[in-house]
Each structure stands twice: as structure tokens, then as C-alpha cells.
Amino acid sequence: MHALIVIDVQNDFCPGGALAVAEGDQIVAPINALMDDFDAVILTQDWHPAGHSSFATSHDADPMTLIQMPYGPQVLWPDHCVQGSKGAEFHEDLNTTRADLIVRKGYNPAIDSYSAFFENDHQTPTGLEGYLRTRGITDLTFVGLATDFCVNYSAVDAAKLGFTATVRMDLCRAIDFDNSLEAAKTGMQEVGVTLV
Ligand code: VGL
Ligand code: ZN
């Protein structure tokens, strides 16, 4: 069983959004076209409470700076994907009808969650692993936003958990901040993620 995992194709990560990823909207139509090739389609949705600890505004700091959190270094982001906001909604053209499951993440006020599997403490599960295993899903293809953060963390965790993980790089777009894209590619390859 092979699932397509569509990471965070939300308004705030698309042009005009609060944490816009260049060309983030250009992957929507080809992702929709890919859905029929898979046994299951799963969407993730970044879903932060207002005042989330990953927001620069919560620390009186500048966006795109680093702080130390109890679980390690954390990039401070502009406020984005606030629960119930327009920015947190999926891009209006994304085919959400085909999704079997929508995984929300980042709802814990004290911990960010880039990965679809674990919060950034690398311990607190989202429940996705159990869902996949109980459905007999072994192979995962990742697409979406952003290549160097949520796609990267999700694919790395998938490979570490023993899933066969592939990232369609042509159907992802990156924030690419501070060499994060190159670091992500290396990190994914090191744990056995296939980049195509
Ligand atoms: C993401 C930064 C903060 C992502 C989410 O979806 O890659 N990046 N929250
Ligand atoms: Zn976020």
C-alpha cells in the first residue's frame, strides 16, 4: 500500500501568505493530478494556536532568528497558520475531497511540529505512524511545502520509522533560508529517503 502525503499546501505558505514560499501555488495542480496513482491520500495542515511559541511575536524577536527551546534550536517564524484563519486553510484549488485523512500539527502551544509524525521534541507522536501501520501502508511519497522544513522532517522521520520514503522534489518548494535546502537534501539522503 502506497500513500501520497501532501504537506501543508495552505494559503500562508503560498504567494501572498504570511510565510510565503516562492511558487508554492504552482505545485497544486500537478499534486491533484497525482492523487489517483495512490492507494491513499493524506494531507497535513499546520495548525497553530494564536501566540504559538514558534512565532517571533511571542518572543519580541525578529522573524527568521533562532532561539533555544527546551527541545533544541527553533527558528522563529512570522505568525502563520493560526487555527481557523484564512491563512491556515488549504489552497483553494487543492483537491481535499480525495483525502482519506487530514493530520493537523503544531497545535501544542509550547512545541513546534514540522514533521507529520512527531513534534519537534522528536518524541510526541501525532498518531500518523499508527494510522499508516494499521492500514498496512508501507510506502510513502511526499510532496508539498516547504521542502526544507516540514517535507524534510516528515520524510526523515518516515525513513527512520522504516517506511519506504520518496520525495518528489519537483512537487515541493523551499523556504531556503540559511542553506536549509542543501542541508535538508543531505539529511534526507543520509537516512535513505529517495529524492526524485
Ligand atoms: C513550516 C515553518 C513553520 C512548513 C511550518 O510547513 O514547512 N515551516 N511551520
Ligand atoms: Zn508552522
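Counting convention: from 1, in listed order, for ligands and their atoms alike.
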What do you reckon, does [X] have a nitrogen or oxygen under 3.5 Å from a nitrogen or oxygen of ligand 1?
{"X": "Ala146", "answer": "yes"}
{"X": "Leu19", "answer": "no"}
{"X": "His48", "answer": "no"}
{"X": "Phe149", "answer": "no"}

Ring centres under 6.0 angstrom apart (His91, Phe13) = no

Aromatic ring proximity His122/Tyr71, centre distance under 6.0 Å = no

Could you pull out all residues at least two apart from Asp60 that satisfy salt bridge (Lys or Arg N to Asp or Glu O under 4.0 Å)?
-> none

Main-chain N/O of Ala116 paired to Thr126 side chain as donor or acceptor, under 3.5 Å = yes

Test item: Thr186 side-chain N/O and Glu182 main-chain N/O as donor-acceptor pair under 3.5 Å | yes

How many protein N, O or S atoms are found at a distance of less than 2.8 Å from the Zn ion (ligand 2)?
-> 3

Cation-aromatic face contact Arg98/Phe38, 6.0 Å, 45 degrees | no

Under the side chain to side chain donor-acceptor pair (under 3.5 Å) test, which residues partner Thr96, sequence neighbours left out?
-> none

Near Cys150 (heavy-atom distance under 4.0 Å), the atoms of ligand 1 are 1 (C), 4 (C), 5 (C), 6 (O), 7 (O)

So the atoms of ligand 1 within less than 4.0 Å of a heavy atom of Asp8 turn out to be 4 (C), 6 (O)

Measure the distances from the heavy atoms of His80 to every atom of ligand 1 and state whether one is below 4.0 angstrom.
-> yes

Check each heavy atom of Ile7 against ligand 1 and say whether those closer than 4.0 Å belong to the side chain, the backbone, both or neither.
-> neither

Among Phe177, Phe55, Trp77, whose heavy atom sits nearest atom 2 (C) of ligand 1?
-> Trp77

Review item, side-chain donor-acceptor pairs of residues 106-113, under 3.5 Å, at least two apart:
residue	atom	partner	partner atom	Å
Asn108	OD1	Ala110	N	3.1
Asn108	ND2	Glu119	OE1	3.0
Asp112	OD2	Gln74	NE2	3.0
Ser113	OG	Ser115	O	3.4

Answer yes when Lys105 and Asp8 have at least one side-chain N-carboxylate O distance shorter than 4.0 Å, and no when they do not.
-> yes

State whether Asp12 and Lys86 are salt-bridged, where the test is any N-O pair (Lys NZ or Arg NE/NH1/NH2 against Asp/Glu carboxylate O) under 4.0 Å.
-> no

